[in-house]
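One structure is given here, and the rest of the page talks about it.
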There are 2 protein chains.
Amino acid sequence: MSDLPSRARLRRPRATGAAPSHVDLAAVVVSATAEQPQVLVLERRGEDDSLPSGPLASDHRTLEAGLRAWVERQTTLRLGYVEQLYTFGDIGRLDPAAAATGHDLSIAYLALVHEARPAAQLAASWRDWYACFPWEDWRGGRPPIMDRIEARLRHWLARSAKAAREGRMERIELAFGFEAGGWNDERALERYELLYEAGLVAEATRQTAGKVAASHMVGGRPMGLDHRRILATAISRLRGKIKYRPVIFELMPDAFTLLDLQRTVEALSGVTLHKQNFRRLVENEGLVEETGEMSEATGGRPARLVRFRREVLRERPAAGVRLPGTRRTVPR
Amino acid sequence: MSDLPSRARLRRPRATGAAPSHVDLAAVVVSATAEQPQVLVLERRGEDDSLPSGPLASDHRTLEAGLRAWVERQTTLRLGYVEQLYTFGDIGRLDPAAAATGHDLSIAYLALVHEARPAAQLAASWRDWYACFPWEDWRGGRPPIMDRIEARLRHWLARSAKAAREGRMERIELAFGFEAGGWNDERALERYELLYEAGLVAEATRQTAGKVAASHMVGGRPMGLDHRRILATAISRLRGKIKYRPVIFELMPDAFTLLDLQRTVEALSGVTLHKQNFRRLVENEGLVEETGEMSEATGGRPARLVRFRREVLRERPAAGVRLPGTRRTVPR
DNA sequence: CACCTTATGCTGCAACTGAGCATAAGTGGT
DNA sequence: ACCACTTATGCTCAGTTGCAGCATAAGGTG
């Protein structure tokens, strides 16, 4: 039964035409404070923000360990929950001129922390992710920037080659739901990619050397390399995941009120929820239990402080916060 | 607004302690024929099956393109639907002795085809994936092998160091649901990893040089390298995904009956469904439309032939086959 | 104390789910 | 022609869940 003798043959030779690749580990570290979703970025003078990242090194026993080491080193932050996000490696994704030098891979991870340490104590900054994606925040209703986006995309469509137009129209409708579809919070990545393709975000001009004037840009703070795309990937993934896994609690402190929880979900998903139904859902799924304490910091009637019921991980395999009653209208 | 001048600084030096890595692209190509889920494997005499794979090369403009090229070259099969699955790269995952030589990365992809070409016309074979994971098929009720698995896992638990026991017990319960939890079809990867850790699958002895006797093994056909783990990852992902995205149709021919569709879903998920409710769900979600044709190959009353309604991709962003009415008991 | 704020309980309706019953329309055998 | 068997398809019915809003509770502030 043992196949030890054949193991040597199973390993492939390293030579055959395969250029060795440079591999980076990159982290999207998310927290939610003050009802805003935050991402950890490194700021360097005169450059766009970048995500914590560094090359995979031979003393990293696992990819995840390497990632944790880099984040800790660059930001002093020790990560808890971590999951692999995506591996980026298309030729020329960092710099079209470098296309000949082989592949630059980035293995991106998503990490969730309920860190509230002020930025000053870290070697990095927390950045509101809607600074990079202003069109993704619908908590106050349709963001004004959507008008501009719609106009620019229609313009792009009109100038598209006939062959490409049909497909692009469908993709736009899918991503932004201008006509019938309506807004889908999970499509953040598709939206960013469309805007990129249409040359409406700053990163696009790095590749095409300024074909589109800056005045036509649609906005959102750019990031270095393709890090804004990586962040968009993380947002899409996270918005999807909170609906079927209780990952939201990774962002919460030990004790919190139901409204705190709701605000955090809303911050990530970018939409507002129906309050009473949200509470009923959370209670019915048994996601939380009483701490017995009360919070007086509500500004109104004191609220019960609850904590996450870890047992649900066993009981309800698919428990998440299923965004009940997404409001179509802004309350008040 | 242009930051072209700073681009050079944004690129990181390649040197800094980073050993260049060897990168493989690997494909889990899935089809479903004869009501069995199949995976495409390469057979080599005297060796375990392996997945189609090959090194990332400098003429691959994108990772996905490289993957398609390798599969086509090794199997003559041209892929349609493809998505990235996971990147594996822990040190020593292929061969513990090779730990010093740097990282071997595998970027794994999941591909779905509705290929029914007989294996003879391909340079590869279709393998029923339950040959590798006999415990994952609950369509005929609880598989007999579960008794053995439960016994061996309890044994492993009893021999575990006290510190590890609590956590392992929880993980076993989560993955297999022996006590209260019940079976969760999506936890295929967790189950394989537990069996591996407990030394109950053949691949584990490659690493530990036969600490566990073959007679204690729990079964399932092994694969080369860590390809069975990659396959388990694909199964988990696919079982989850069919519930919220209409990917199942990538596996179907143009026209099919509702029972065909149900059997395919059951084949992938490994559980049986309530027939009438399944139809109602599929019709209500508007996933299919009439072709007008009938199928006479049913063995009973002829069935309507339907086709996938591509429009749902636009209309219902989260349409999938949500496994309604999973039967607790075997029908008949 | 009037009035603000937020918390929390409850109700009614619509839609969906799970399980099963009943009937339709083929096949093959006698 | 009739029977047994197979699969397709229509329908019911009760329990659950989702959506939306109303009402009340219990803090704070001028």
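Judged as a side chain to side chain donor-acceptor pair (under 3.5 Å), and not counting sequence neighbours, B:E293 has no contacts. In this structure A:R221 satisfies the salt bridge (Lys or Arg N to Asp or Glu O under 4.0 Å) test together with A:D49, sequence neighbours excluded. A search for ring-ring contact (aromatic ring centres under 6.0 Å, His included) contacts involving B:W135 returns B:F133, not counting sequence neighbours. Applying the ring-ring contact (aromatic ring centres under 6.0 Å, His included) rule to A:Y130 yields no partners; only residues at least two apart in sequence or on another chain are considered. Take B:E283 and apply the salt bridge (Lys or Arg N to Asp or Glu O under 4.0 Å) test, not counting sequence neighbours, and it matches B:R304.
Atom CG in B:L261 sits roughly 13 Å away from atom P in D:dT9 (whole-Å rounding). Atoms CG (B:L273) and C1' (C:dG20) sit 16 Å apart, rounded to a whole Å. In this structure, B:E285 places its CD atom 10 Å from C1' of C:dC16, rounding to the nearest Å. Following rounding to the nearest Å, A:D260 (CG) and C:dT6 (P) show an atom-to-atom distance of 12 Å. Between B:R279 atom CZ and D:dT9 atom C1' the separation is 6 Å, expressed in whole Å. Between the CG atom of A:L305 and the P atom of C:dT6 there is a distance of 17 Å, rounded to whole Å. The distance between atom CD of A:Q262 and atom P of C:dT6, rounded to the nearest whole Å, is 12 Å. Rounded to whole Å, atom C1' of C:dA7 lies 12 Å from atom CZ of A:R263.
Between A:K275 and C:dA7 there is a side-chain polar atom (N or O) within less than 4.0 angstrom of OP1 or OP2. Note on A:R304: a side-chain N or O is less than 4.0 Å away from OP1 or OP2 of C:dT8.
Side chain B:H274 to base C:dG20: a donor-acceptor pair is found below 3.5 Å. One cannot find a donor-acceptor pair under 3.5 Å joining the base of D:dG18 and the side-chain atoms of A:N277.
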Show the distances under 3.5 angstrom between N or O atoms of the protein and N or O atoms of nucleotides 23-27 of chain D.
unit_1: D:dA25; atom_1: O4'; unit_2: A:R301; atom_2: NH1; d: 3.4
unit_1: D:dA25; atom_1: N3; unit_2: A:R301; atom_2: NH1; d: 3.0

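Taking for each of A:M294 and A:R280 the nucleotide of DNA chain C with the nearest heavy atom, the 5'-most of the two is the partner of A:M294.
Within 4.0 Å of A:L259, counting heavy atoms only, lie sugar-phosphate atoms of the nucleic acid but no base atom.
For the pair A:S31 (side chain) and A:H114 (backbone), a donor-acceptor distance under 3.5 Å is absent.
Listed here is the closest heavy atom pair of A:L153 and A:F176: CD1-CE1, 3.6 Å.
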